[in-house]
Colleague: 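One structure, as structure tokens, below. Some questions next.
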Number of protein chains: 4
Amino acid sequence: MLNKIILIGRLTDDPELRYTPNGVAVANFSLAVERPYTNQEGERDVDFIDIVVWRKQAENCANHLGKGRLVAVEGRLQIRSYENNEGQQRRVSEVVANNVRFLDWPSDDRSQQGQADNLEEDDIDVPF
Amino acid sequence: MLNKIILIGRLTDDPELRYTPNGVAVANFSLAVERPYTNQEGERDVDFIDIVVWRKQAENCANHLGKGRLVAVEGRLQIRSYENNEGQQRRVSEVVANNVRFLDWPSDDRSQQGQADNLEEDDIDVPF
Amino acid sequence: MLNKIILIGRLTDDPELRYTPNGVAVANFSLAVERPYTNQEGERDVDFIDIVVWRKQAENCANHLGKGRLVAVEGRLQIRSYENNEGQQRRVSEVVANNVRFLDWPSDDRSQQGQADNLEEDDIDVPF
Amino acid sequence: MLNKIILIGRLTDDPELRYTPNGVAVANFSLAVERPYTNQEGERDVDFIDIVVWRKQAENCANHLGKGRLVAVEGRLQIRSYENNEGQQRRVSEVVANNVRFLDWPSDDRSQQGQADNLEEDDIDVPF
DNA sequence: TTTT
DNA sequence: TTTT
């Protein structure tokens, strides 16, 4: 009934952009999100979380993001089940983003506009 | 750096309560969370999300929750990687809850106290 | 850059539905949200939070919700500043909801459809 | 019953640090959070949201944050009512933070440790 | 009272 | 398969 996730982390690699047969853009990337505590070795564990973005934001991400960039992702957690070629049930979990905010724009970079586009065209909050 | 998820859904079964070798309580259950839209067959898909709860809240959940109950879960998404007996890498994703709220108390049921305990002893918000 | 709030609480009164000059529906209600701890008197303080909902969901709320009903609200916190008739600056804070979920449908009530409408027509998550 | 807010924005000024009579640290600052859309003038409205932080994190914020810094705040929305000297009811709304993450560390700055402290000592997520 |  |  409600499924909301908010993540802040860094891309582990450049986003991969593809198109569905009907021409809808999809981007995938993996986000490294550090855990809020240090483990017994004094290190901080990391969750690597798969992100999926659709349509215009997919293209914005592909155009403006890259490995190591810091982003905030808002979306929902989706669990897909499928059967692999050996006939076994597998589950894939990924975050379907409805919003990706770019948090570390290089200060001299005018691609800031990328994010503005992102906000104006794909954001979902009502304007009132 | 930030990893926050909030879910509302129903337990697919009774919680399973266990204890670690050091006596720490852990409860596991699966939550059915309906997607916010209907699919092409006019039905609503469902994500089945594994929840882990620790310590006193684990016992509260085991004592007061059961199959079909409606709850709100607040926590973080955790991805664990492990190697199975065939030496293949597998990933498990689960939500580690730091708070479980019971949303559909039978109105004549005094076990409401279970939730109060839960709130007073395990909640993390500062009292100021 | 990001402003997301999720509340679960009960309406303190029936929603008030109005229309803007251009015919856009707006509903207002106040939500009682208990704090997660008990105060020095052993009671639970309550925050009374003003909610604003627009368009179809405003009408759904007005038609199906009433005083005492339990809801989950997802939205953003908005602070409006204005000058009162004495020329003093005042600030109003309210939560602009983009989603209101009804959590305690009377089990024999078919108005459940109200919520379905709500989900299908106003929800913002992408269907992929 | 549930009250969770997540904000990303910039401090409008340096935090103010004070201590309660019992010696508990409190920091206050105002956060400028841009709305996700542009208004009719093509500008982006901003919500100025008051933040309160307690204890060790208050001191971390006072020591490491300043005007213009980018942060993520996780907390709850609190509405306090009081009577002013003219005997009128006034309401104050503020976000009580249980976590403040510093998002734009100057890359050559070793005060990064401030945030680590913050995470290790005040964070609330369970380590399992 | 307001930030980039 | 993994980021600073």
Side-chain angles (χ1 to χ4, degrees), chain A residues 7-16 28-35 38 43-51 61 65-73 92 94 100-113 115-116 119, chain B residues 1-3 79-83 88-91 93, chain C residues 1-3 79-83 88-91 93, chain D residues 7-16 28-35 38 43-51 61 65-73 92 94 100-113 115-116 119:
Chain A
L7 303 169
I8 298 180
R10 293 186 183 277
L11 300 232
T12 62
D13 214 333
D14 295 344
E16 288 182 22
N28 291 271
F29 56 87
S30 164
L31 205 65
V33 182
E34 293 188 345
R35 297 208 184 145
T38 50
E43 293 158 2
R44 213 172 282 283
D45 285 327
V46 174
D47 291 294
F48 295 102
I49 302 176
D50 289 330
I51 311 290
C61 290
L65 291 179
K67 179 175 180 168
R69 291 291 308 279
L70 184 70
V71 296
V73 169
V92 170
E94 55 201 357
V100 180
R101 304 284 162 101
F102 310 163
L103 296 179
D104 60 354
W105 285 102
S107 50
D108 56 318
D109 183 348
R110 275 299 2 109
S111 56
Q112 169 85 242
Q113 295 316 123
Q115 183 172 33
L119 292 169
Chain B
M1 286 183 92
L2 189 148
N3 181 337
I79 312 281
R80 285 188 292 125
S81 291
Y82 69 95
E83 207 167 82
Q88 294 151 125
Q89 279 291 123
R90 288 277 163 272
R91 299 188 347 148
S93 87
Chain C
M1 287 183 92
L2 188 149
N3 181 337
I79 313 280
R80 284 186 293 124
S81 293
Y82 70 96
E83 207 167 81
Q88 295 152 124
Q89 280 290 123
R90 289 276 164 272
R91 296 182 357 142
S93 87
Chain D
L7 303 169
I8 298 180
R10 294 187 182 276
L11 301 232
T12 62
D13 214 334
D14 295 344
E16 289 183 23
N28 290 272
F29 56 87
S30 164
L31 204 66
V33 182
E34 293 187 347
R35 298 210 184 142
T38 50
E43 294 158 3
R44 215 172 281 281
D45 285 326
V46 174
D47 291 295
F48 295 102
I49 301 177
D50 290 329
I51 312 291
C61 289
L65 291 179
K67 180 174 178 167
R69 292 291 308 279
L70 184 71
V71 297
V73 169
V92 170
E94 54 202 359
V100 180
R101 305 284 162 100
F102 309 163
L103 297 179
D104 60 353
W105 285 102
S107 51
D108 55 319
D109 183 349
R110 270 312 348 119
S111 56
Q112 170 85 242
Q113 296 315 122
Q115 183 173 32
L119 290 171

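The sequence lines fix the lettering, A, B, ..., with proteins before strands; numbering per chain opens at 1. What you are looking at is a predicted structure, and each value in this text was computed from that prediction instead of being measured.
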Colleague: Taking any heavy-atom pair under 4.0 Å as a contact, classify A:Val33: base, sugar-phosphate, or nothing.
Modeller: nothing
Colleague: With sequence neighbours excluded, what pairs up with D:Val71 under the side chain to side chain contact (heavy atoms under 4.5 Å, CB included) test?
Modeller: D:Leu11, D:Leu31, D:Leu65, D:Val73, D:Val100, D:Phe102
Colleague: Which residues satisfy the side-chain hydrogen bond (donor to acceptor under 3.5 Å, both in side chains) test with D:Asp45, sequence neighbours excluded?
Modeller: D:Asn39
Colleague: Test of understanding: with side chain to side chain contact (heavy atoms under 4.5 Å, CB included), list the residues that count as partners of C:Gln88, not counting sequence neighbours.
Modeller: C:Asn84, C:Glu86, C:Arg90
Colleague: My understanding is that only residues two or more places apart in sequence, or in another chain, count here; which of them pass side chain to side chain contact (heavy atoms under 4.5 Å, CB included) with C:Glu83?
Modeller: C:Gln89
Colleague: Only counting residues at least two apart or in another chain, list the ones meeting side chain to side chain contact (heavy atoms under 4.5 Å, CB included) with A:Asp47.
Modeller: A:Arg35, A:Ile49, B:Asn3, B:Arg76, B:Gln78, B:Ile79
Colleague: Going 5' to 3' along DNA chain E, between which two nucleotides do contacts with chain C fall, using a heavy-atom cut-off of 4.0 Å?
Modeller: E:dT1 to E:dT2
